[in-house]
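Presented below is the structure to which this report refers.
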Amino acid sequence: MAGHLPADIRPWNVRRDNGLTNAIMRETLASGTRRFSEGKRQVFQGYESQEAARQAGVQAKRRAVAHLDELLERAQATIQAQGGTTHVAATAGEARAIVREIAQNAGVRLVVKSKSMLTEELELNKELAASGMRVIETDLGEYIIQLARETPSHILAPAAHKNRAQIRALFEVDAQQAHLPPPADDDARSLTQFARARLRQEFLAADMGITGGNFCVVETGTVALITNEGNADWVTSVPRLLVCVVGIEKLVETWEDLTHLIQQPAMNGIGQRLSSYTTLISGPRSQFGEGPEEFHVVFVDNGRRSLVGTPYEDVLSCIRCGACLNVCPVFRQVGGHAYGSVYSGPIGVVETPLLTDFEVGAELPSVACTVCHACGEACPMDIDLPGHILRLRQEKVRRHLTARSANWSYGMWSGAWATPAGYRRSLRLARLAQKIYLRRGWLRNAPGLAHGWFITRDMPKVADITFHEWWAQNRGTGAHD
Ligand code: SF4
């Protein structure tokens, strides 16, 4: 069963141009993704043992996905055995309803959240707000975009498209509303000090904490969260009620599996050996008097199970590290919002049409990919992103979702090049036709559909003589020796 993802239904051209004309976004994103990629390169230098851990991590994820139903049952049993309550939601709507009911039954008024792309996917905040609850994002990046009323532009760094001046302006408005002194400056220290003071009030007043889950270890029913801020520890330990919303693909069977995986998001995403905080939650408040009184885990399918047993199954191994975004030339130019989906970059290109009605994101594999294969090389989970993008393009053609003009031109092209004679004839024609657009040996423009290609690029001219022609002319003359 297909799931549901929130979608920006404006045309790609509009979303793309919004990104391309946003100078601040392009600058901050370019420097951020460059820094992350460089950090990744450095952290792997001289750390050879990591390759074995990475491969073991890949195997652990593949095994878990292959036994998803069995692991899901076992995870529920171990969580319940420790006093937790489990729920399984087949759809986004079911997941929202489950969390809302838990909150309403407990009389919750204020919810604090740590970063979770899954809850973005579910639009959970809207649901809770519509039921009269106040929901506060406490991850710094998420808090910034919540104030800006935006969605994340990068799966790991949600506010990567904003600069410090923009963040300060948002905090100044927030400070006024919260009757707090505004940030003293727009340096990182002043901004984070403001956020710390501001969010501390909310942590202490909250009735309920909501988190995602980077991994869930089946053998002990432990939800693992990795963060670079201490906010997840506040969210999981201060409110009396805790709900972890976890995608079913986040299950791993054993602690040994977890040890292979735990470093991968930070190492590959931002070039850190390990995230600053690793939070492990196994059940509600213990005999030592720490933790929430009530602990719920909501496992969410929302289209994931439909990928099991298909050529796209490896997509479920994604650890949301963002490495594919950081190296993608399209993402670096247009930013995450252009994708019109909570998931952007190469993984968003693949997941969006797969996890929702295919038509919604069907354009992305064609328009948001240059087929450079950088994402395939960057992915620590060996997900065949470039292969999937090509498969999705084929699927789009099969479903007759491509534009007529594209069908017509590719049809002509494939017809012309299907035979050697047709190929030679088309080259002779191209040599003639290109003459009007040649400038100093380069092709600088073309009419009709091909015009767009030349807006930012030139092309070498079609050679005066092909290799075959040259060979036919020079065979036996010794010119090729
Ligand atoms: S597809 Fe690979 S590189 Fe991209 S976010 Fe997922 S695990 Fe990371």
Side-chain angles (χ1 to χ4, degrees), residues 5 29 32-33 36-41 43-44 50-51 53-62 64-65 115-118 120-121 141 152-158 160 212-215 224 226 247-252 257-258 260-272 275 303-304 307 311-332 335-336 339 341-355 361 364-365 368-392:
L5 295 183
L29 212 57
T33 50
F36 292 157
S37 295
E38 177 54 22
K40 175 180 173 182
R41 195 186 61 75
V43 83
F44 275 97
Q50 260 310 303
E51 180 51 19
R54 186 193 67 77
Q55 285 177 11
V58 173
Q59 292 315 313
K61 289 290 283 184
R62 299 289 198 275
V65 169
K115 181 173 174 297
S116 154
M117 288 305 292
L118 177 53
E120 295 280 350
E121 174 185 327
S153 66
H154 186 293
I155 54 176
L156 208 65
N214 292 92
F215 304 100
I226 48 182
I248 54 172
E249 82 285 12
K250 296 299 171 74
L251 294 166
V252 291
D257 292 341
L258 182 70
H260 299 311
L261 287 160
I262 199 82
Q263 284 177 279
Q264 300 302 333
M267 287 189 69
N268 289 281
I270 53 175
Q272 237 173 258
S275 301
R304 288 158 172 76
L307 303 185
Y312 301 104
E313 185 175 295
D314 63 1
V315 169
L316 297 173
S317 301
C318 177
I319 52 169
R320 307 275 182 246
C321 70
C324 57
L325 281 67
N326 296 338
V327 297
C328 175
V330 177
F331 177 84
R332 288 160 88 146
Y339 292 77
S341 164
V342 281
Y343 299 115
S344 57
I347 186 64
V349 165
V350 172
E351 276 191 343
T352 305
L354 289 177
L355 287 185
L364 289 174
C369 176
T370 61
V371 204
C372 69
H373 286 225
C375 54
E377 284 171 24
C379 179
M381 290 294 108
D382 290 345
I383 298 171
D384 182 19
L385 293 164
H388 292 331
I389 289 173
L390 291 183
R391 256 170 232 119
L392 289 166

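Note that the structure is a prediction, hence the values are computed from the model and not measured. Note that ligands are numbered from 1 as they come in the structure, with each ligand's atoms numbered from 1 the same way.
No heavy atom of V350 sits closer than 4.0 Å to any atom of ligand 1.
Excluding waters, the set of protein N/O/S atoms under 2.8 Å from atom 2 (Fe) of ligand 1 reads C379 SG.
Close approach to I155 involves these atoms of ligand 1, each under 4.0 Å from a residue heavy atom: 5 (S).
Salt bridge K61/D314: absent, no basic N to carboxylate O contact under 4.0 Å.
Atom OG1 of T33 and atom CD1 of I270 lie 14.0 Å apart (nearest 0.5 Å).
Of the residues E121, E120, E351, the one that meets the side chain to side chain donor-acceptor pair (under 3.5 Å) test with Y343 is E121.
The aromatic rings of Y339 and F331 lie tilted to each other, with the angle between the two planes from 30° to 60°.
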Q: Please lay out, stage by stage, how Q272 and Q263 fare under the test side-chain hydrogen bond (donor to acceptor under 3.5 Å, both in side chains).
A: CA-CA 8 Å; Q272 237 173 258; Q263 284 177 279; over 6 Å; no
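Between V350 and L385, the closest side-chain pair of non-hydrogen atoms falls below 4.5 Å.
When only non-hydrogen protein atoms are considered, atom 5 (S) of ligand 1 lies nearest to G322 N, 3.3 Å.
Under the 3.5 Å distance criterion, with hydrogens and angles disregarded, a donor-acceptor pair is assigned to the side chains of E51 and Q55.
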